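The residues of the chain are indexed from 1 along the displayed sequence. All ligand and atom numbering here is 1-based and tracks the order in the structure. Since this is a predicted model, take the numbers as computed values, not measurements.
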Amino acid sequence: MELINRPRRLRRTEEVRRLCRETRLSPDALIYPIFVDETLSGVRPIASLPGQNHYGLDSVCEAVEECLAHGVTHAILFGLPAEKDGCGSSAWAEQGVVQEAVRAIKAKYPDFYVITDVCMCEYTDHGHCGILCGQEVDNDKTLDCLARIAVSHVRAGADMVAPSDMMDGRIAALRSALDADGFQTTPIMAYSAKYASAFYGPFREAAGSAPAFGDRRGYQMDPHNSREALRECALDASEGADILMVKPALCYLDVLRSCAEAFDLPMCAYSVSGEYAMIKSAAAAGLVDERRIMCETALAVFRAGANMLITYYAKELADAIRQGEIG
Ligand code: PBG
């Protein structure tokens, strides 16, 4: 029987699949996290993140060279300082670990795009993301410190700052401090919808930033909520954020989608340490195909509305894109 108006599915040949992709990935949209340890000389593997390294200031350029070899041109820097104190003062030291790392990178690779994570938890002896008043973080006292950190990073040559602390008013504080210092054009990527997540476990081991007491639920978001993320994004947008971020990625794709639809700012997703470590360990146990899972999860994040992705798999993903495993 001949059915004239029968709806037909597009025949999914390889050419048609390539033509009709709704989501396209590019190495340009990938950001690689680099951990710099002030006390280290050389390169040391990070036990909690198989395949990732701590770099000493003498070897941070090696991390950049590896990125460039894979076609990754953007990184976000995290610092492990030699000294910690109650107010995290090494975070804004002119000769601090991140500041020196930025200078070292920029001296050799001026075109490599350097984003710095702006937070205090790696620098305070109590591991919280701000200045304490008793057992609580004092939001407003912390703002001055965050602004000093951001300005010191940008003075050292950082291209963009990414505050991850979740204090109220930090975007406005950073924006006005940067403007006052002559950095009106330096963008701010706001960790806007940052959830109080168990997926940061391997990072905290890698960065030595686990809180000494309590947790971060007072300032990070409650995983029960998605509409609250819209409010967090709205606040950051109104204070002058240039890019909004949802973090973690995979468990919060609904949040990513709704923020991407609600705001006209570029959206970043952070595929965090626990997401990476889960894939790594399942693959090491022979349970999943690492390469395909890596590709599929990255696709999911972009399909949900991300314009860029911070991921420990940035180099491998760039290879997969170039080799046509994902498009
Ligand atoms: C600093 C910060 C954290 C991460 C990025 N910046 C940890 C935290 O909030 O405890 C987590 C990144 C990851 O897990 O990969 N505040």
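Rounding to the nearest 0.5 Å places CD1 of Ile243 at 12.0 Å from OH of Tyr191.
Distances between N or O atoms of Ser209 and those of ligand 1 include no value under 3.5 Å.
Sorted pairs that involve residues 237-256 and meet side-chain hydrogen bond (donor to acceptor under 3.5 Å, both in side chains), not counting sequence neighbours, are lacking altogether. For residues 96-107, the set of pairs meeting the side-chain hydrogen bond (donor to acceptor under 3.5 Å, both in side chains) definition, not counting sequence neighbours, comprises Gln95-Glu100, Gln99-Ser152, Glu100-Arg103, Lys106-Asp159.
Heavy atoms of Met166 come nearer than 4.0 angstrom to ligand 1 in no pair at all. For the pair Tyr312 and ligand 1, a heavy-atom separation below 4.0 Å is found. The closest approach between any non-hydrogen atom of Glu275 and ligand 1 is not below 4.0 Å.
Contacts between Ser273 and ligand 1, counted as non-hydrogen atom pairs separated by less than 4.0 Å, involve both the backbone and the side chain. Proximity of Tyr276 to ligand 1, defined as any heavy-atom pair under 4.0 Å, is not found for any part of the residue. Counting heavy atoms closer than 4.0 Å to ligand 1, residue Glu122 contributes nothing at all.
In plain terms, the two heavy atoms of Ile31 and Ile76 that are nearest each other are CG2-N, 3.7 Å.
The closest protein non-hydrogen atom to atom 10 (O) of ligand 1 is Arg204 NE, 2.5 Å. Among protein heavy atoms, the minimum distance from atom 1 (C) of ligand 1 is reached at Ser164 OG, 3.3 Å. The nearest heavy-atom contact from the protein to atom 5 (C) of ligand 1 is Lys247 NZ, 2.7 Å.
In this structure, His54 and Phe35 have perpendicular ring planes: the angle between them is above 60°, well past the 30° mark.
The distance from ligand 1 to the heavy atoms of Lys194 drops below 4.0 Å at these ligand atoms: 1 (C), 2 (C), 3 (C), 6 (N), 8 (C), 9 (O), 16 (N).
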